[in-house]
Protein chains: 2
Amino acid sequence: MGAEDWATLLRELDQKVTPARCAVLEVVASTDAHLSADEIVSRVADLVPDVHRATVFRTLERLVELGLVAHVHLPHGATTYHLRQPGERMHLHVLCRACGDVFDVDPALLDDVADALASSLGFRLAADHAALSGVCAVCASGSAGDVDVEREL
Amino acid sequence: MGAEDWATLLRELDQKVTPARCAVLEVVASTDAHLSADEIVSRVADLVPDVHRATVFRTLERLVELGLVAHVHLPHGATTYHLRQPGERMHLHVLCRACGDVFDVDPALLDDVADALASSLGFRLAADHAALSGVCAVCASGSAGDVDVEREL
DNA sequence: ATGAGTGCAAAGTGTTTGCAACTAT
DNA sequence: ATAGTTGCAAACACTTTGCACTCAT
């Protein structure tokens, strides 16, 4: 999507079109990765200088409200943001506590868990909203003795 | 367990016995709830005055290393700590993002998920380490319209 | 005696907020 | 014109760290 399209999209949602907003959308849309607010701030700076951190936070909050962006809380460290694909089902996230990588996982994986929680506790699970933690294949084999792995993320 | 027992336990683990440590152990053992470091600080203050925050943090870190205490990262807000029962299997946690309550859940619930992640990605899941989020029964029914529920925890 | 543990103050993240200036409509 | 947005600075919540002093052993 080009810059013009973000403007159109925002207008359709009755939002004001500003350089900061377009830049944030552009940045978030530019990658499949999960970006922290900090990373977004610095990437936005490459597109539009002098966009303030606070503005990025406020903009992200707004975009989440509008359903354009999703955020995931990681067990350690900053919240990450990524574009939310319209029809697509929200995926679930697992974080490697050794290397910090986030892996996207099939949301169906937690369906049984969600059902079990719903029937036993009446609890409605939002599987996409928080990441689970563990150790990825690379880190598990790499540092055979699990030295750094216990480093607590 | 009385104060004397904490001293004994610490000695068995080759740790120095100090009032601060015993108090932290006492506090963590005094409840089934998941306490934040802050809550522990203030409860410790009732037992032993003038124990500094930093000491509580350092002590908790140590107790986790020793395997006496477990900590759980919540999707939002502070890390919580609770006593770790020796033989007992670590439980899994779900957080209500409306009221903030943490529910303990049968760890077996995630066994299938853990297996699936292991075989598909080689990922080793630490199910107890991070809480999942959702909405508890009370909050789901209470605020029918889900007003506050979207408040993002 | 001596090294581990502690209090304190200070810094470090990540995020939010009040307010005055600005700008998209 | 005017309501919504922004930049700034300051505050916030949670946690860590360097250092000198104290205490358990």
Side-chain angles (χ1 to χ4, degrees), chain A residues 3-4 6-25 34-42 44-45 47-66 69 71-81 95 100 131 151-153, chain B residues 3-4 6-25 34-42 44-45 47-66 69 71-81 100 151-153:
Chain A
E4 204 35 58
W6 298 127
T8 308
L9 180 56
L10 287 171
R11 261 187 284 265
E12 279 168 5
L13 294 165
D14 291 312
Q15 296 299 311
K16 302 228 159 148
V17 176
T18 69
R21 285 183 180 179
C22 294
V24 170
L25 272 169
H34 300 72
L35 301 174
S36 68
D38 244 17
E39 288 162 334
I40 295 170
V41 168
S42 77
V44 163
L47 301 179
V48 181
D50 302 320
V51 174
H52 199 270
R53 307 171 84 54
T55 300
V56 171
F57 276 97
R58 283 186 283 227
T59 301
L60 286 168
E61 189 183 22
R62 174 65 56 86
L63 296 177
V64 168
E65 280 168 30
L66 294 172
V69 166
H71 61 273
V72 186
H73 298 293
L74 303 186
H76 212 88
T79 299
T80 62
Y81 299 82
L95 170 83
R151 223 199 41 198
E152 148 68 22
L153 264 165
Chain B
E4 202 38 58
W6 298 127
T8 308
L9 180 56
L10 287 170
R11 262 187 284 267
E12 278 167 5
L13 294 165
D14 292 312
Q15 297 299 311
K16 301 226 161 152
V17 176
T18 69
R21 286 183 180 180
C22 293
V24 170
L25 273 169
H34 299 74
L35 300 175
S36 67
D38 244 17
E39 289 162 334
I40 295 170
V41 167
S42 76
V44 163
L47 300 179
V48 181
D50 302 322
V51 173
H52 199 269
R53 297 177 146 287
T55 300
V56 171
F57 276 97
R58 283 187 282 227
T59 301
L60 286 168
E61 189 182 23
R62 174 64 57 85
L63 296 178
V64 169
E65 281 168 28
L66 294 171
V69 166
H71 60 272
V72 186
H73 299 291
L74 303 186
H76 211 88
T79 299
T80 61
Y81 299 83
R151 222 200 41 198
E152 146 72 20
L153 263 166

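Note that these values count all heavy atoms, side chains included, but never hydrogens, waters or copies made by symmetry. Below, read A as the first sequence line, B as the second, and so on, with proteins coming before strands; counting in each chain starts at 1.
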Starting at atom CG of A/L35, determine the distance to atom C1' of C/dG14, rounded to an integer number of angstrom.
16 Å

5' to 3' on DNA chain D, which nucleotides open and close the contacts with chain B (atom under 4.0 Å from a heavy atom)?
D/dC14 to D/dT25

Which residue pairs pass the side chain to side chain donor-acceptor pair (under 3.5 Å) test when at least one of the two sits in residues 52-64 of chain A, sequence neighbours left out?
A/Q15-A/R62, A/D38-A/R53

Going by side-chain hydrogen bond (donor to acceptor under 3.5 Å, both in side chains), name the residues that satisfy it together with A/E65, two or more places apart in sequence or in a different chain.
none

Please determine if a side-chain N or O atom of B/T59 lies less than 4.0 Å away from the OP1 or OP2 oxygen of C/dG5.
no

Any side-chain heavy atom of B/F57 within less than 4.5 Å of one from B/L60?
no

I'd like a list of close polar pairs between nucleotides 15-17 of chain C and the protein, N/O only, cut-off under 3.5 Å.
unit_1: C/dT15; atom_1: OP1; unit_2: A/T79; atom_2: N; d: 3.1
unit_1: C/dT15; atom_1: OP1; unit_2: A/T79; atom_2: OG1; d: 3.2

Does any part of the side chain of B/H73, heavy atoms only, come nearer than 4.5 Å to the side chain of A/H73, both counted from C-beta?
no

Could you list the residues that satisfy side-chain hydrogen bond (donor to acceptor under 3.5 Å, both in side chains) with A/S36, not counting sequence neighbours?
A/E39

Spacing of A/L13 atom CG and A/L63 atom CG [to the nearest 0.5 Å]
9.5 Å

Between C1' on C/dA4 and CG on B/L10, what's the gap in Å once rounded to a whole number?
13 Å

Rounded to the nearest 0.5 Å, how far does CG of A/L95 lie from NE2 of A/H34?
10.5 Å

Please identify each residue that fulfils side-chain contact (heavy atoms from CB on, under 4.5 Å) with A/V17, with sequence neighbours left out.
A/A7, A/L10, A/R11, A/C22

